[in-house]
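Note sheet for the following structure.
When a residue number appears, it is its place in the shown sequence, counting from 1. In each ligand, atom 1 is the first atom listed, and ligand 1 is the first ligand listed.
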Amino acid sequence: MIKEINPGDTALSANAYKDNSTSTYNFLKSLEIRENNSGVSTGLQWLKSKGETIASHSPVDGKLIAVVTSADRESYTTVINKAGEAFKLWKMWPSPKRGEVVRQVGDALRRYKQPLGKLVSYEMGKSLQEGYGEVQEMIDICDFAVGLSRQLHGFTMHSERPGHRMYEQWHPLGIVGIITAFNFPVAVWSWNTMLALVCGDVCVWKPSEKTPLCGIACQNIIAEVFQKNNVPEGVCSLVQGGRELGEWMANDTNIPLVSATGSTKMGKSVAAAVGARLGRSLLELGGNNAIIISKDADLDMSLIGCVFGAVGTAGQRCTSTRRLIIHESIYDIFKDKLVKAYHQLRIGDPLDENNHVGPLIDKEAVSMYLAAIERCKKEGGNFIVEPGVLKGKGFESGCYVRPCIAEVTKDMDIVQHETFAPVLYLIKYHDLEEAIAIQNGVPQGLSSAMMTLNLREAEQFLSSAGSDCGIANVNIGTSGAEIGGAFGGEKETGGGRESGSDAWRTYMRRQTNTINYSTNLPLAQGIKFDL
Ligand code: NAD
């Protein structure tokens, strides 16, 4: 494990794991999470910092898990300088050799799947299954990146000039700054990092200030592998902090690419700062995802997709289902099925696998949920499954809310906004053109789906006259993407693509090379220039 130089990290005795079961204590211990953690690391050592401390409380039980020191200017500068030095060495490693290191990271994640998945669940609040699923996604992207390390292809072209060869190459960019959101506290880092690493880039990660311990855990896991492989210090660094630190990264000309995942508000700020210095940004922002339920849908199958999409991760996925656009002929039948299903949902401790819905991330998120409900009621929304905040034994953190459903009309303002909570809106439609117009009629463009067994409708939904989103599914819900496809969305979702397909190109710069092996120097377009 990496050398610790932060004072006060001697005891593994933070409140939460003193009070909890032995297994809870052990999972934190095995990830090297301490009571007080430095939040700044270059990969080989944890740095001292005079930055503010961030206390991580679990939304599961409200207890303090541990404390992290955020980066100050001095430690941030050290990290960026080390990363710059590391890039000079790392980019010279053959890509398949970099891929071999990533393969070992995947193996390490297999070994740490249980404790890391548990930490994700405990610090963020998603169900244990989803916590493990998130780590599985990290393993999957490692596997993908290993293969990619031998496939960073460019095209070759035929030159118009005799005795000339023309081709393109892809070169690494440099430092990739990675800013992530709380709701996927580990997977989004790995989507970016594993691709960037095989591409020859070095990474500086700022996790969400709401899930700093997940950042510490990942840094410890990767450092173990890096040390074994003599990877230069600074190839993967960690800087903890909030908005201000993110702004330093967005404005830093040492960082050619900033990959930022979070709210549209954050993305607009990052895009403006990076754009002003003509840097590159990769933005993965908010969604307002809808499922169209056709009269030709398999309603039982649709029900599972809709309920999982709306209440999974307590409605805190960027791809969560927020709107159901239901054909008028089956509206009442499907509504009844939904209401029945919602009444069967078990809300409670996400580490208990009998529960379907865990807490929201914090009390601020609960306030946003309540504000959206108030607004929806004021605008005329009719709640058919009532909202509420749960109180009493097991709900002491104050973060547990009831997933709810409201009948709304397409022109209501609240429906245009992403509320990061389990609030589901039902809208009736008459024909497919109208349904697609409703689906597209919001500022966001992340994920969309249509439930239908009718081939014509399905193809229309997927055609250029159909969904305007980055993701469009048929007979699958809006959430739960696989790593093999490029992930991201249009409009206010930011336009970025991460993970599979050819998303790796964003992490590299393209260079066109023309070589003249003839004895003349003919100019392109037949231009004559004789001396
Ligand atoms: P957030 O915007 O509050 O914070 C996200 C990250 O950005 C954090 O690390 C935060 O510190 C940082 N940040 C905030 N303001 C910044 C600024 N001005 N400059 C630089 N950095 C800044 O988002 P959140 O509450 O953590 O996450 C929820 C949001 O993230 C939702 O809107 C959700 O849809 C979105 N999200 C999108 C995707 C996607 O792939 N499209 C994935 C996950 C989450």
Closest non-hydrogen atom pair between Pro59 and Cys399, with its separation
O-CB, 4.1 Å
What's the shortest heavy-atom distance between Ala290 and Thr478, and which atoms?
O-CG2, 3.4 Å
Quick one: does any side-chain atom of [X] pair with a main-chain N or O of [Y] as donor and acceptor, under 3.5 Å?
X	Y	answer
Gln45	Ser41	no
Glu498	Glu284	no
Asn288	Val415	yes
Lys118	Phe27	no

Are the side chains of [Y] and [X] in contact, using a 4.5 Å heavy-atom criterion?
X	Y	value
Leu338	Leu426	yes
Tyr122	Leu351	yes
Glu52	Glu244	no

Which ligand 1 atoms, with their elements, are less than 4.0 angstrom from a heavy-atom of [X]?
X	value
Ser208	9 (O)
Lys206	8 (C), 9 (O), 10 (C), 11 (O)
Val270	19 (N), 20 (C)

Any idea which of Phe420, Phe487, Trp191 brings a heavy atom closest to atom 33 (C) of ligand 1?
Phe420
So between Glu209, Met266, Gln316, whose heavy atom ends up nearest atom 16 (C) of ligand 1?
Met266
From Leu116 CG over to Lys113 NZ, what is the distance, rounded to the nearest 0.5 angstrom?
11.0 Å
Can you confirm, on distance only, whether ligand 1 has an N/O atom lying under 3.5 Å from any N/O atom belonging to [X]?
X	answer
Thr493	no
Phe182	yes
Leu285	yes
Asn183	no
Thr261	no

Checking a contact table here: which protein heavy atom is nearest [atom], and how many Å away?
atom	result
atom 18 (N) of ligand 1	Ser269 OG, 3.1 Å
atom 6 (C) of ligand 1	Thr180 O, 3.4 Å
atom 4 (O) of ligand 1	Gly262 CA, 4.6 Å
atom 21 (N) of ligand 1	Gly246 CA, 3.6 Å
atom 34 (O) of ligand 1	Glu418 OE2, 2.6 Å
atom 3 (O) of ligand 1	Ser263 OG, 4.2 Å
atom 36 (N) of ligand 1	Cys318 CB, 3.6 Å
atom 12 (C) of ligand 1	Ile179 CG2, 3.7 Å

Are Lys126 and Phe184 in a cation-pi contact, defined as NZ or CZ under 6.0 Å from the six-membered ring centre and within 45° of the axis?
yes
N-O pairing of Arg277 and Asp252 below 4.0 Å
no
Gly242 near ligand 1 by a heavy-atom separation under 4.0 Å
yes
